[in-house]
2 protein chains.
Amino acid sequence: MNGESPLRIADVWDAAYRLRGIAHRTPVLANPSLDHAAGGAVICKAEALQRTGSFKFRGAYNALAALPDVARKRGVICASSGNHAHALALAASLMDAPVTVVVPYDAPHMKISAAQSLGAEIVRYDPNVDKRDEIARRISIERGYSIIPSANTAAVMAGAGTVALEFIQQSPELATILVPVGGGGLAAGTSLIVKAVRPGVRVIGVEPESGNDAARSFQAGERVELPRVPATIADGLRHTMPAELPWRIMKELMDDIITVSDGDIVRAMQWAFEYLKIVVEPSGAVALAGASSIAASGGVIGTVLSGGSIDVDSFRSLVSKFPSLREYSVASPDC
Amino acid sequence: MNGESPLRIADVWDAAYRLRGIAHRTPVLANPSLDHAAGGAVICKAEALQRTGSFKFRGAYNALAALPDVARKRGVICASSGNHAHALALAASLMDAPVTVVVPYDAPHMKISAAQSLGAEIVRYDPNVDKRDEIARRISIERGYSIIPSANTAAVMAGAGTVALEFIQQSPELATILVPVGGGGLAAGTSLIVKAVRPGVRVIGVEPESGNDAARSFQAGERVELPRVPATIADGLRHTMPAELPWRIMKELMDDIITVSDGDIVRAMQWAFEYLKIVVEPSGAVALAGASSIAASGGVIGTVLSGGSIDVDSFRSLVSKFPSLREYSVASPDC
C-alpha cells in the first residue's frame, strides 16, 4: 500500500475487545438446499441478527468508544442511508452522547424511526440535490459535534472488520468471502483482516450493477465517480464513489469486485427467508446474490448477510415485483 | 404424578448429550421494540434456526439414536403434520436408516418436499377421514419398522425438553416460559425440566383458540377430544386431543394453558420478521402470540419460536389476510 495504511490489524483487534459483550457474535448459517440453489457450498454470517439489525453497530460503537470523553459528551453526528444512523443512535444512547443523524428523505421508515426512538435528532436531505457530508460538516462545526463517518475512518472500518475476524474463526473451511460494497468500510475491514490472518482466502466485493462505482474503480485502478445516485433497490449501497480510505485498502487487497442485478438480490432475499429463516434487506442480500456467479470456482463461499432492516410490506412489495423468481424456491431446507 | 412418570429428568440430560454437536444451540433473541409491542419484556428461543427449521429435530434424532441398532437398520416410520417428518428424515439420513413418513395431503409443500429430498418415502392421508396413527401402525407391522411418534414417547419428549434446558441456561432472568402445544411433546419436556431445575419459573402452554383441545383438557382435568380437526392456520397444531404421555406431565406440571387467535399469530409472525429478523411459521409463532396476554403479570417472558417452515408466498398470503395488523409495525428495532 502506498504510504501508511489507513487501517492496522491492531485496530481490528482493539475493536474486537471493545465490542466484546456489547455486540452479538452472530451465527453462521447454512443449508444444503441453499447450496443447491446457489450452485456451490455457501455459508452465511448473519449480521441481520446483530444489534440494530446490521453490522454497522460494530463500527459505530467502536468509533464512539474510541473518542475522547469530552468529545463524546459534546455530541456526534453522521450522514447515513439509515443503518449507520440507527447504529450510531444506539451506541450514543448506550454511552449517553447527544447524536444527530443526516438521512435521505427517502430512507426506509423503519431505519429512521428506529434512530428517532433512541433519541437521535433527525436531519433530512435530498440525495439528488444536497451533499450529505457537507450538511454533516456544517452542523458539526456549528455545534462542536464529532463526525462519525459511515466508512471513511479507521475506527469504523475496524469495527466492520470484526465481522470477518469472527467469520474466519467460526468457519475455518472458508475459501472465499463475499461482502457487499457501499462506502467500502466493510469491504476494507474484511480485506485487511482476512489477508493478514488467512491470506489464502479470496475476498470479493459485490455491488448492485446499477451502483457499480467500486467495480468500475477497481477495473480502472482509480476512483471513478458515477454521474448520478444509483437507482438500485439496495438503498444502503447507493454510493457514487468509494470513500477514500477504504478505497486505498480495497484497491490493494481485494481479489475482485463483481456486480449483481436487482433480480439477483431479491432472489437472495428469498433464499435467506426460506432456507435460512432469516430476514435480509436488499443491501444485506447483495453478497449472497453474488454467490452463484463465483460458485464454479470451487471451495466454500462465505457471504456476509450484512443487514435486515426491512418491514413486511416492503418485503412483500419487492417479492411481488419479481414473480418469475419463484421457480428458485422448489427445493427446501434439509439441514 | 400418578404412577411412574413417563419422562425422567435423566432422559432429558441423555438427550442433551446425544444432541451435542449434532443439533444447533439456537440463539435467544430480543428487541426493545418487541417488548414495547408485546407490553412486557420478551425473549425468544429461535428454534426456527434449528436444523430442519424446527425443534422437532431434537426429539426425532434422540429417539432414533436411542433405538437398538437392529431396529434402526430395519427402518422407522412416523405420522406428522410435516416438521416431525422432515426432522425424522434428516435424522434417518444421518444414521442411514430407511424412513417412511405419513403426512396429511394438505401439509405445506415445503415440509414434505424437504423430507422427500432426504430420501424419505411419503405416504399421504386425508386428516378428515383417516387416522394417521392407524396408517403408521399398519405399515410398521407390515415392514417391521419402528414407530417414532411426534410426541407420545419419552425419547421424543426428552429431545424437545433440551430446548428448555438450553433456554434456562442461556437466560437466567426468565420468569415465565411460553410454549406452543400441539401433541404436547414440547410442552411436557419443557414442564418437566423447568420444574426440576428452576421451579420458580412458570410454564404456560399456548394453543390456537380454534384448536384448544389441551386448554379444554387442562380446565376439565382430563383429556377432552375436539369433534373435528381444527381449522387454525397453525398447521402443526391441528390436534384433536393431547397425546397420552405428554398429557400426564402437562396436567401435573404446567401452570396454565392459554389460547390465541389466528390474527394474534400473524401479528407475532410480523413481530418476529421486523424486530427479530427471523422467519417463523404460524405454529412457531403461537407462543410469542400469547406473550401480550400474560405481560401484565410481570417478569421476563421467554417464548419458544418453535419452527420456521413457511415459504415466501404463504407468508405473503397470510399477512395480506390480516392487513389491520400493520398498525403494530410502526415501532422498530433498536437493539
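Each chain gets a letter, A, B and so on, in the order the sequences are listed, and its residues count up from 1. Nothing here was measured: the structure is a model prediction, and the numbers come from that model.
Of the listed residues A:Pro27, A:Ala48, A:Ala87, A:Ala46, the one with more heavy-atom pairs under 4.5 angstrom with chain B than any other is A:Ala48. Heavy-atom pairs under 4.5 Å with chain B peak, among A:Leu49, A:Thr26, A:Leu276, A:Leu29, at A:Leu49.
Taking the charged nitrogens against the carboxylate oxygens, A:Glu47 and A:Lys56 have no contact shorter than 4.0 Å, which rules out a salt bridge. A salt bridge between B:Glu281 and B:Lys111 is present, with a side-chain N of the basic residue lying under 4.0 Å from a carboxylate O of the acidic one.
Proximity of a side-chain donor or acceptor of A:Asn62 to a complementary backbone N or O of A:Val156 within less than 3.5 Å is not detected.
Checking A:Asp235 against A:Ser81 by side-chain atom types alone, no donor-acceptor pair falls below 3.5 Å.
With a 4.5 Å cut-off on non-hydrogen atoms, B:Leu94 does not touch chain A at all.
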